[in-house]
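Below is one structure, written out as structure tokens, with a few remarks after it.
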2 protein chains.
Amino acid sequence: MAAKPPQDEIEAEEASAAPPLDVGRLGDLLGFHLRMAHVAIYRDFADTMEELGLTQKQLAVMELVAGNPGASQIDLANTLGTDRATMMALVNRLAARDFIERHPSAADRRRQELHLTKAGRAMLARARKLINTHEQRFIDLFSADEMDGLLAALKRIYKGG
Amino acid sequence: MAAKPPQDEIEAEEASAAPPLDVGRLGDLLGFHLRMAHVAIYRDFADTMEELGLTQKQLAVMELVAGNPGASQIDLANTLGTDRATMMALVNRLAARDFIERHPSAADRRRQELHLTKAGRAMLARARKLINTHEQRFIDLFSADEMDGLLAALKRIYKGG
DNA sequence: TATTGTTATACTCTATAACTATA
DNA sequence: TATAGTTATAGAGTATAACAATA
């Protein structure tokens, strides 16, 4: 329902209801195009995952816990670039839905080791299938070389050259 | 304060305080890298504009109004991909700071034509200077050809093929 | 002292729904 | 009917500050 780009540009289709404004200087800003692209994918993700009720960030947390059993909230926060309080709220939502469990660490009793529950693993499996079709929509826009270049560029931005 | 990536990967630097987790399957997702890159630029933007108190979206609205005097909230919402209520809140904040004025349209009295105030134009001029230095940090990461390719790829994502 | 989890607080963003005025 | 603005509401994300327990 969200992205819904005009796949074929029908010339006969006169001025749509949405008059596109002149983006002016915005068009020169990397941040602007990055934000627009992010929003497009974010919405397609949200639409795709609507039936599961999982956001991009919630899925990221579940994938990280799945791949790093026993990770702490601080570990997740550092990896995803948020702070402790934000991650707390995120994990709380997932714990409330019984997807993630907290277990006190024996080695360091300040830490809570995070693990997926059985329900969490089942949800993740369902999510991965939906994600594949979601990703494919965007993969199809590019050749393999183009996609490699795009991913490399994005990594350079957030890993810092 | 935000992005702060390790510019040089010093081998002697032993395990930092932030243990990076295995991103696992996330690393294969375009949406994940796009989100991380967006967050990095978003934070650098926020840090850069802290003294002015302008967000990416607020600046986008001001640039659009500057380039399209008399545009309505609906026009802005359609261009930036949000809905009326979200744009209403955005414009309210800018109007409360006396950067934007609403004037009823003579042609269609349902519409409010938006214009920058004198203070808004002054703020935009200050913002543009700060944005240039912010953008330059990321432009420097790429060659001209690389940047062209990156922008083209991002546009393809949100304009849809 | 520093770190981890936690709680409280607040602001922003986002979206939906419903209402008013106008077309 | 449809559109533009508006208001109310709610959930999610984000960040800061403070505290307790532990290192």
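Since the structure is predicted, the reported quantities are computational estimates derived from the model, not experimental observations. First the proteins, then the strands, lettered A, B, ... as listed; each starts at 1.
- Taking atom CE of residue A/Met49 and atom P of nucleotide D/dA12, one finds them 15 Å apart after rounding to whole Å.
- Between D/dA23 and A/Arg110, no contact under 4.0 Å exists linking OP1 or OP2 to a side-chain N or O.
- Here CD1 of A/Ile139 is found 5.5 Å from CE of A/Met147. Values are rounded to the nearest 0.5 Å.
- Between the side chains of A/Asp83 and A/Thr86, at least one donor N or O sits under 3.5 Å from an acceptor N or O.
- Partners of A/Phe45 under the ring-ring contact (aromatic ring centres under 6.0 Å, His included) rule, at least two apart in sequence or in another chain, are A/His134.
- Atom CD of A/Gln112 and atom P of C/dT3 are 19 Å apart (whole Å).
- We find that CD1 of A/Ile74 is positioned 12 Å from C1' of C/dA2, with the value rounded to whole Å.
- A/Arg84 has no side-chain polar atom (N or O) that falls below the 4.0 Å cut-off from OP1 or OP2 of C/dG5.
- Rounded to a whole Å, the CD atom of B/Gln73 is 10 Å from the P atom of D/dT7.
- Taking every side-chain heavy atom of A/Arg111 into account, C/dG5 is the closest of C/dT14, D/dG5, C/dG5.
- The side chain of A/Ala85 lies closest to D/dT16 when the candidates are C/dT4, D/dA4, D/dT16.
- B/Met62 places a side-chain heavy atom less than 4.5 Å from the side chain of B/Met123.
- If you measure from atom NZ of A/Lys57 to atom P of D/dA15, you get 9 Å, rounded to the nearest angstrom.
- Rounded to an integer number of Å, the gap from A/Asn92 CG to C/dT6 P is 7 Å.
- The side chain of A/Gln56 contributes no N or O atom lying less than 4.0 Å from OP1 or OP2 of D/dA12.
- Remark: P of D/dA12 and CD of A/Glu50 are 13 Å apart, rounded to the nearest angstrom.
- Looking at the side chain of A/Asp83, the nearest of the listed nucleotides C/dA23, D/dA15, C/dT14 is D/dA15.
- Between the CG atom of B/Asp47 and the P atom of D/dA15 there is a distance of 10 Å, given to the nearest Å.
- Residue A/Arg43 places at least one side-chain N or O closer than 4.0 Å to OP1 or OP2 of C/dA15.
- Taking the nucleotide of DNA chain D with the nearest heavy atom to each of A/Ala106 and A/Thr82, the more 5' of the two is matched to A/Thr82.
- Side-chain atoms of A/Asp140 and A/Gln136 form a donor-acceptor pair, as typed in the model, at a separation below 3.5 Å.
- Using modelled atom types and a 3.5 Å distance limit, the side chains of B/Asn92 and B/Arg102 yield a donor-acceptor pair.
- Counted by atom type alone, A/His33 and B/Tyr158 present one or more donor-acceptor pairs between their side chains at under 3.5 Å.
- For the contact set between residues 62-72 of chain A and DNA chain D, defined by any heavy atom under 4.0 Å, there are no members.
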